[in-house]
Amino acid sequence: MGVRIKEFPNVFLELPSKGKKDLLRTMIRIRSFETRVEELFLAKRIPGFVHLYIGEEGIATGIMANLRKTDWITSTHRGHGHAIAKGAQMNRMMAELYGKRSGYCKGKGGSMHIADFSVGMLGANGVVGGGFSIAVGAGMTAWMKKTDQVAVCFFGDGASNRGTFHEALNMAAIWKLPVLFVNENNQYASTTPVSYGVSASRISDRAVGYGIDGYTIDGNNVVEVYNVAHTLIDRLRAGKGPILLECRTYRVKGHYVGDPEKYRTKEEVKKQIEENDPIQRYTSYLIEQSFLKPEEIDALWKEAKEEVEAAVRYAEEEPYPAPEEALEDLFGPEQEVWV
Amino acid sequence: MGVRIKEFPNVFLELPSKGKKDLLRTMIRIRSFETRVEELFLAKRIPGFVHLYIGEEGIATGIMANLRKTDWITSTHRGHGHAIAKGAQMNRMMAELYGKRSGYCKGKGGSMHIADFSVGMLGANGVVGGGFSIAVGAGMTAWMKKTDQVAVCFFGDGASNRGTFHEALNMAAIWKLPVLFVNENNQYASTTPVSYGVSASRISDRAVGYGIDGYTIDGNNVVEVYNVAHTLIDRLRAGKGPILLECRTYRVKGHYVGDPEKYRTKEEVKKQIEENDPIQRYTSYLIEQSFLKPEEIDALWKEAKEEVEAAVRYAEEEPYPAPEEALEDLFGPEQEVWV
Amino acid sequence: MSILSFSEATLQAMIEEMERDPTVFVMGEDIARQGGIFGQFKGLPDRFPGRVLDTPISETAILGSALGAALTGLRPVADMHFADFISVAYDELVNQIAKNRYMFGGQANIPLVVRAPDGIVPGAAAQHSQSVEGWLMNIPGLIMVSPSSPATAKGLLKSAIRSNNPVIYFEHKVLYPQKGEVPDKEFLTPIGKAEVRRAGKDVTIVAYSIMVQKALEAAQNLSKEGIEVEIIDLLTIKPFDLETIVTSTRKTHRCVIAHEGVVHGGAGAEIASQVQQEAFYYLDAPILRVGTKNVPIPFSPPLLDFVAPKVANIEQAVKQVLYREGR
Amino acid sequence: MSILSFSEATLQAMIEEMERDPTVFVMGEDIARQGGIFGQFKGLPDRFPGRVLDTPISETAILGSALGAALTGLRPVADMHFADFISVAYDELVNQIAKNRYMFGGQANIPLVVRAPDGIVPGAAAQHSQSVEGWLMNIPGLIMVSPSSPATAKGLLKSAIRSNNPVIYFEHKVLYPQKGEVPDKEFLTPIGKAEVRRAGKDVTIVAYSIMVQKALEAAQNLSKEGIEVEIIDLLTIKPFDLETIVTSTRKTHRCVIAHEGVVHGGAGAEIASQVQQEAFYYLDAPILRVGTKNVPIPFSPPLLDFVAPKVANIEQAVKQVLYREGR
Ligand SMILES: Cc1ncc(C[n+]2csc(CCOP(=O)(O)OP(=O)(O)O)c2C)c(N)n1
Ligand SMILES: Cc1ncc(C[n+]2csc(CCOP(=O)(O)OP(=O)(O)O)c2C)c(N)n1
Ligand SMILES: [Mg+2]
Ligand SMILES: [Mg+2]
């Protein structure tokens with residue numbers, strides 16, 4: 001899958017083995033969190049809409065391993081994975097999904113608006129393509145304050161057809177802002193295949209229109225994502241301007257939990273699960289290369305499960321906000337300008 | 001000027017000499033109309049904002065010579081030239097600029113909203129980039145009704161940064177709609193040079209993002225515009241899908257009549273007027289090639305001047321709409337559905 | 001009479017109008033391959049090949065091309081997926097579609113329908129729960145309708161499609177599966193005309209969409225306390241049927257307006273303003289409005305419950321204008 | 001006191017605030033190279049290199065990036081060129097900027113100003129003449145202000161920039177060259193507070209922006225006929241100062257609301273609705289609204305004159321609520 005770019009040979013950078021393990025840990029934590037969220041949603045413990053990132057964990061994980069806490073990301077409606085990889089805590093995330101007061105958004109946002117500004121996760125967004133220009137704005141802050149922070153904008157294949165994509169990439173390009181636009185091409189925008197909705201043969205081709213570099217890589221190979229992001233983010237920090245990175249992946253779950261999925265065959269999905277799961281692929285790699293032992297990997301799954309269960313307990317036990325709290329948080333505190 | 005595309009050698013198609021003369025006539029008519037409009041505006045006979053097309057006539061003329069009355073165009077705030085070339089009458093145009101009842105829009109639109117739907121001129125637009133998707137819709141009509149009509153969307157270099165550009169081109173591309181997107185790259189968007197505002201080195205490069213063909217040509221060479229448009233519009237009628245055509249030109253007048261023009265030097269403008277005027281260039285060519293005699297050319301100018309003066313007289317004499325007519329034309333007639 | 005859900009009723013309307021007029025077509029996101037997120041387009045693409053179009057996520061192109069198609073001889077129905085996303089193509093709606101006919105002196109008609117699923121769904125939060133007619137009340141050139149029953153859902157959609165002018169058709173997401181009686185014979189529900197859903201002498205309630213149903217529920221409760229409200233189902237939000245409202249209010253001397261959208265700057269503001277003007281001498285109490293409190297829609301159930309307008313809020317407002325209870 | 005034009009007053013405000021706080025910057029189309037189409041940014045780029053940014057014609061990116069910048073530590077001022085083009089970035093404004101703080105539970109403040117030149121300029125027609133506060137009255141989370149004098153132009157802009165919340169600053173295009181007194185000492189005009197511009201006992205006129213001036217002119221004419229109006233300059237349109245309006249209306253027993261935007265669904269609708277509620281027992285006549293008639297702004301002078309609100313319309317409305325003349 002994916003078109004290999006020669007510039008990025010598929011070699012693993014010399015991370016200490018802890019780094020290698022961390023990549024796997026993050027993917028497993030995301031998967032464990034979401035698998036549980038799916039169950040909880042079906043059990044009606046979680047209200048609203050839930051969009052799962054299962055099968056796409058390689059992207060958030062590989063990118064975020066190259067970011068600092070002070071860097072920023074903008075996310076999509078499918079934001080759990082981005083939040084976890086950027087450093088958000090599962091318990092406060094789960095509390096938010098439950099609509100509890102101690103959730104990241106005090107229960108006001110839910111799954112579709114998960115956010116943890118304290119780690120630079122500037123929010124999931126219910127408007128497809130709503131995040132492009134927010135990331136550009138974060139890039140402007142780094143630019144104007146002359147820091148080496150970067151902003152990463154995650155977006156779907158469907159989102160690449162929004163006009164906001166165009167305006168944001170052009171603006172980032174003319175000012176050479178440190179923004180990495182990471183396309184998560186999971187082959188579908190809800191029911192619509194990318195081959196139908198996106199006129200370009202590769203979404204990364206759209207980079208040409210902004211005079212910037214565009215790459216297409218295998219988003220389910222976390223090694224490749226990590227390596228490419230490493231190089232690209234270094235370029236961003238050096239002030240070389242924005243980059244468009246298309247990561248090919250596949251949405252193995254429905255668009256949202258409950259999706260009847262009439263737009264594709266079960267076989268198509270099955271094949272992807274069996275052959276292209278980013279966690280399985282990375283696990284095999286680590287074992288083949290003897291980087292990790294099967295017991296170590298089992299331990300990661302166990303750890304993650306415990307973390308998730310603790311988060312569920314936390315979310316279950318925490319109180320709901322009081323009804324009148326619905327009227328809070330609309331405006332920030334003012335000092336001198338309000339009467 | 002402009003980057004030549006090999007595919008379009010600069011040979012004049014075998015038009016009968018009337019066709020050659022018609023191209024010149026159209027350019028002269030546009031120029032004469034606008035030169036007079038400028039005077040009238042400065043003399044405060046015409047209210048509102050006026051954006052002149054002077055120096056860019058080669059584009060509308062060369063394109064429209066390949067269109068039929070049943071084809072459609074969408075225009076910009078700079079629409080006089082498009083209207084004349086598409087077949088609108090000067091007197092009703094002038095009446096509109098004066099705000100008279102017999103103007104094309106009954107005085108409701110003025111210069112910025114000049115339109116003549118009866119010849120397929122679907123309107124100038126005060127919103128930059130407002131016309132892209134309207135042209136796509138016209139293309140949809142041809143597509144769904146299976147006619148060989150085409151739609152041409154004129155737009156500026158500045159407009160190519162609107163998100164509407166992106167959404168419209170993608171939509172036209174996925175459905176292979178017969179829409180020619182004609183970029184009039186006149187080097188400036190109001191005060192902003194194209195080199196600053198547009199990240200792509202050529203606007204036609206943006207075609208890559210939609211998997212369609214893009215070309216950059218010399219818009220001030222009406223021969224080139226005519227020839228290229230001839231080929232491309234044939235392709236559209238054959239159902240080959242949309243095309244992006246960048247025509248390089250230069251806005252020799254201010255952005256609007258009254259523009260202080262602090263963003264460029266007088267020399268820059270002077271050089272363009274002297275060396276790159278589309279009418280002068282075509283006139284020289286016709287004379288050099290002995291296609292037309294100087295007297296014939298003089299006659300065209302004279303004819304055009306008379307037509308313009310007649311239009312001015314018409315506009316001066318026609319009545320204003322009655323005040324209460326301001327409440328008309330909001331809704332079209334209804335038959336059965338309204339109480 | 002048949003018993004149909006709102007989805008089925010709108011589907012019937014689409015089928016009838018698409019059969020009647022070959023220039024009618026529909027486009028929007030995710031409507032063809034899966035029949036619409038609420039099943040409201042189920043089977044339509046097979047029935048009308050090439051006339052039910054899935055679009056990219058490109059709302060400006062959807063509404064803008066609908067305008068272009070309308071100007072050149074088609075009758076487009078554009079689906080907005082969620083009314084909340086009207087925001088994304090707001091320019092196409094307010095500066096292009098609404099102004100085109102006027103600005104160009106009536107050169108073309110614009111037979112165009114925008115279908116906009118709106119309203120609160122529990123847990124859908126701030127960007128998927130809005131009723132947005134308040135965004136559009138200030139725009140001359142737009143017509144807005146919203147049904148309250150499967151029958152009006154069908155009749156209004158048919159009228160909207162036959163109208164020669166741009167009509168926004170707001171359909172409440174929660175109502176799609178709800179069933180009700182729909183006449184078997186063909187019918188249109190006229191645009192611009194309200195219907196009195198319940199006669200009463202004490203208070204006039206003006207409502208539309210789901211709030212008509214909540215008002216009817218409130219009416220039953222109130223009736224037990226001896227209060228008889230008259231319920232006006234607006235059906236057309238813009239231009240609304242002032243005459244019917246004023247006639248009723250002059251009779252009851254009291255008026256409560258209920259809609260699901262945010263109260264501040266909502267459609268109710270314009271209605272209240274006109275009613276106080278036209279029924280001033282008849283009013284025995286201020287006109288009250290019931291709607292969502294002045295915040296975005298929150299996610300958490302208790303918060304949502306607090307801000308969303310409920311049957312009890314209508315009852316309370318009715319009592320308030322009757323001075324039955326303190327504020 | 002100095003005599004300054006509106007442009008100069010806003011320029012002073014920008015200079016003072018940009019000097020005071022290095023995180024303040026401004027971006028928009030055609031503001032740097034030529035100092036803004038109304039000269040309102042003249043000289044600013046030289047004074048603050050790198051902090052006055054010309055943008056491409058990309059309104060969604062302008063407002064969206066302003067939000068991103070505000071969330072990450074800057075205080076952006078985004079210029080919309082013409083208020084009419086708020087339409088183009090409406091989603092960024094209503095679904096992102098307005099909802100961000102609430103939806104994310106107050107994680108960040110959003111110190112962001114949108115400057116929006118609005119109002120009728122003769123001949124500018126349907127897409128360059130609008131006053132669009134009516135598009136935004138229904139959006140919780142936005143603040144809207146509009147000055148009526150050079151002094152309030154300066155004071156309100158400074159307050160808007162210092163505010164920790166999104167403020168839309170509407171500045172009337174016709175007023176830019178108009179001059180008036182501005183205090184030399186630094187000052188802020190508080191947000192949320194109206195000012196009584198003229199005391200009077202007979203009728204309360206609520207107005208803002210250019211209509212304050214028209215109301216003052218009407219007041220002079222009316223005074224000759226023995227009618228003394230009280231004029232309230234709203235300054236903040238949302239949230240407006242209900243208390244000041246109600247206090248005055250309870251005194252005069254009559255209220256006329258004047259704004260330049262279209263009457264139907266305009267800001268006046270919300271104001272009238274709240275005033276009739278809070279001053280019901282004191283009102284001796286219905287509340288009337290003066291504004292643009294219910295059509296887009298036409299180009300031709302006699303048509304424009306017919307639809308635009310004029311001094312005479314205010315006078316007429318005042319007389320009407322005083323029952324001095326038939327309708
Ligand atoms: C502006 C807008 N239009 C439509 C929608 C409805 N919608 C939600 S998700 C989605 C598909 C998004 O596809 P893609 O960008 O590929 O992301 P993915 O879901 O595949 O991760 C759509 C159409 C929306 N939320 N916002
Ligand atoms: C959406 C929008 N933004 C801004 C403007 C203000 N404006 C009018 S013309 C113009 C420049 C247009 O440049 P370009 O597209 O290159 O066309 P040109 O004027 O050069 O023909 C601008 C910024 C507008 N009318 N519409
Ligand atoms: Mg996708
Ligand atoms: Mg230009």
Side-chain angles (χ1 to χ4, degrees), chain A residues 41 46-50 77 96-101 103 105-113 125-130 156-165 188-194 196-199 255-256 259-264 319-330, chain C residues 28-39 41-43 45 53-64 81-82 84-89 91-92 120-130 173 262 264 292-308 310:
Chain A
F41 182 86
I46 290 177
F49 302 147
V50 164
H77 52 287
E96 185 57 37
L97 269 60
Y98 270 73
K100 298 299 181 75
R101 181 195 274 146
C105 310
K106 302 184 188 165
K108 294 201 165 81
S111 166
M112 210 161 17
H113 306 299
N125 208 314
V127 177
V128 167
D157 43 288
S160 79
N161 293 327
R162 280 286 321 277
T164 49
F165 167 90
Y188 290 94
S190 188
T191 68
T192 306
V194 61
Y196 172 89
V198 178
S199 50
H255 171 54
Y256 54 93
D259 182 358
E261 293 182 64
K262 293 187 198 144
Y263 46 86
R264 60 181 180 184
Y320 280 109
E324 317 76 51
E325 290 174 31
L327 303 183
E328 297 172 3
D329 294 320
L330 187 60
Chain C
E29 292 154 25
D30 305 305
I31 64 175
R33 277 187 191 72
Q34 206 156 270
I37 22 174
F38 308 103
F41 298 104
K42 220 164 137 181
L53 304 176
D54 272 339
T55 66
I57 308 178
S58 303
E59 285 80 3
T60 76
I62 295 171
L63 287 196
H81 216 64
F82 282 79
D84 308 71
F85 309 141
I86 281 181
S87 57
V88 163
D91 184 68
E92 282 64 30
I120 293 171
V121 176
Q127 296 169 331
H128 285 74
S129 301
Q130 297 172 87
K173 299 191 286 286
V262 167
H264 192 284
T292 291
K293 293 197 171 63
N294 200 18
V295 287
I297 304 287
F299 168 74
S300 182
L303 301 179
L304 175 60
D305 187 66
F306 184 73
V307 307
K310 287 172 295 290

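Naming: A, B, ... by sequence-line order, numbering from 1 per chain.
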Query raised in the report: C:Q130 side chain to C:A126 main-chain N or O, any donor-acceptor pair under 3.5 Å?
Result: yes
Query raised in the report: Okay, side chain of C:E92, backbone of C:L63: is any donor-acceptor separation there less than 3.5 Å?
Result: no
**Report entry** A:T164 side chain vs A:G129 backbone, donor-acceptor pair below 3.5 Å
**Finding:** yes
Query raised in the report: Which bit of C:T60 is near chain A, if near means a heavy-atom gap under 4.5 Å: side chain, backbone, both or neither?
Result: neither
Report task. For chain A, find which of C:I297, C:I37, C:I57 contributes the most heavy-atom pairs closer than 4.5 angstrom. Result -> C:I57
**Report entry** Region of A:Y196 in contact with chain C, defined by heavy-atom distances below 4.5 Å
**Finding:** side chain
Report task. Examine whether an atom of C:N294 lies under 4.5 Å from a heavy atom of chain A, and if so say whether it belongs to the side chain, the backbone or both; otherwise answer neither. Result -> backbone
Query - Options A:V128, A:D259, A:T191, ranked by heavy-atom pairs under 4.5 Å with chain C, top entry - result: A:T191
Report summary line: Greatest number of non-hydrogen atom pairs under 4.5 angstrom with chain C, of A:A322, A:P321, A:G156, falls to A:P321
Query raised in the report: With a 6.0 Å cut-off on ring centres, are A:H113 and C:H128 close enough?
Result: no
Report summary line: Applying a strict 4.5 Å limit to non-hydrogen atoms, the region of A:E261 in contact with chain C is backbone
Query raised in the report: Side chain, backbone, both or neither: which part of A:N125 has a heavy atom under 4.5 Å from chain C?
Result: both
Report task. Please check if the side chain of C:D54 supplies one atom and the backbone of A:T192 the other of a donor-acceptor pair under 3.5 Å. Result -> no
Report task. Please answer whether the main-chain N or O of A:G197 pairs with a side-chain N or O of A:N161 as donor and acceptor at a distance below 3.5 Å. Result -> yes
**Report entry** Under 4.5 Å from a heavy atom of chain A, the part of C:E59 involved
**Finding:** side chain
Report task. With salt bridge (charged side-chain N to carboxylate O under 4.0 Å, His left out) as the test, would you mind laying out the steps for A:E325 and A:R101 before giving the verdict? Result -> CA-CA 9 Å; A:E325 290 174 31; A:R101 181 195 274 146; 2.5 Å; yes
Query raised in the report: Are the side chain of C:K293 and the backbone of A:L327 linked by a donor-acceptor contact shorter than 3.5 Å?
Result: no
Query - Top contributor to chain A contacts, counting heavy-atom pairs under 4.5 Å, from C:T55, C:V121, C:V307, C:D30 - result: C:D30
Report summary line: Pair count under 4.5 Å, heavy atoms only, with chain C: among A:K106, A:H255, A:K262, A:K100, highest is A:K262
Report summary line: Most heavy-atom pairs under 4.5 Å with chain A, out of C:D305, C:L304, C:V88, belong to C:V88
